[in-house]
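Only one structure is covered here, and it is reproduced in the block below.
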2 protein chains.
Amino acid sequence: MFHPATADLSLPSVMHALSDPVRLAIVAQLAAAGSDPCGDVDVDLHKSTISHHYRVLREAGVTVTTVEGRTRIVRLRREDLDTRFPGLLDAVLRAVQN
Amino acid sequence: MFHPATADLSLPSVMHALSDPVRLAIVAQLAAAGSDPCGDVDVDLHKSTISHHYRVLREAGVTVTTVEGRTRIVRLRREDLDTRFPGLLDAVLRAVQN
DNA sequence: TTGACGGTTGCACGATCATCAAACCATAAA
DNA sequence: TTTATGGTTTGATGATCGTGCAACCGTCAA
């Protein structure tokens, strides 16, 4: 399960990860809930598709996934993102609430 | 030459427009220079490719293009972007300077 | 009026992407 | 040990994307 180091976070990758409506919904929900089991997203898609979106977010460095028993806990990498790209995540979170 | 209304700016479209390294370079240069003839980007690509990137930025609402004689002047839509997505462009501009 | 200049448009090509389906893999419960 | 649960992985498919090439178009200068 790959997670990029904070120093390796790339702006194009992060922007791309945050350019899909489904992933923006996931991120918004993570911001509201703090953390999230993988399956708890409120979106009507096949579970493999959701898994794919979680992977894109994780590999871009937007989220961190930890294994807890047989569920995956997903969290936003708020501090890491703010270190590399100050204010970016906050602006996106503010924007995503229309 | 299509430009979306401010109210129609969509977060996924703007994020997507700002997820490509070439377009980020264009935007950074626009931010530094204020405005820009289309051909002045410092990037080694075919002119039709550059034109394509300008179109993506314009149609997402990131830039506005005006015709001035036989050159196109491209400008960032700073105020419009800040109205819809406060702080987003600033965060991206800060992030793009590594 | 002819030509050069700055850009756009149309087409094509390979790469990437979002989605689904089916198989698989751990872990926990029966 | 068997079964169910939560999620990943591996194709496959259609759509979109980034790029280059060639042709085109409007404007300005000879």
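Sequence lines set the chain letters: A, B, ... in the order given, protein chains first and strands last, and positions in each chain run from 1. The structure presented is a predicted model; accordingly, all values stated were derived computationally and were not measured.
Computed from coordinates, the B:Leu18 CG to D:dC17 C1' distance equals 16 Å when rounded to whole Å. Rounded to an integer number of Å, the gap from CD1 of A:Ile73 to C1' of D:dG7 is 12 Å. Atom NE2 in B:His16 sits roughly 14 Å away from atom P in C:dT16 (whole-Å rounding). Rounded to an integer number of Å, the gap from A:Leu57 CG to C:dA18 C1' is 13 Å. Rounded to whole Å, atom C1' of D:dT9 lies 13 Å from atom CE of A:Met1. Atom-to-atom, CZ of A:Phe2 to P of D:dT8 comes out at 16 Å; the value is rounded to the nearest Å. Atom CD1 in B:Ile50 sits about 13 Å away from atom P in D:dC21, given to the nearest Å.
Of the residues listed (B:Leu88, B:Thr6, B:Leu89), the one engaging B:Leu81 in a side chain to side chain contact (heavy atoms under 4.5 Å, CB included) is B:Leu89, and it is the only one.
Here the closest non-hydrogen pair linking B:Ile73 and B:Glu68 is CG1-CB, 3.8 Å. Here the closest heavy-atom approach between residue B:Phe85 and residue B:Ser10 is recorded as CZ-C, 3.8 Å.
Here the side chain of A:Thr71 is nearest to one of C:dG7, D:dG6, C:dC17, namely D:dG6.
Put simply, B:Arg23 has a side-chain N or O that comes within less than 4.0 Å of OP1 or OP2 on D:dG18.
The closest donor-acceptor contact from the side chain of A:Arg94 to the backbone of B:Pro86 lies under 3.5 Å. In this structure a side-chain-to-backbone donor-acceptor pair under 3.5 Å is missing from B:Arg72 to B:Thr65. A donor-acceptor contact shorter than 3.5 Å is absent between the side chain of B:Ser51 and the backbone of B:Lys47.
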Within the 4.0 Å limit for protein heavy atoms, which parts of nucleotides 19-30 of chain C are touched? Write it as a string from 5' to 3', B for base, S for sugar-phosphate only, - for none. BBBB----BS--
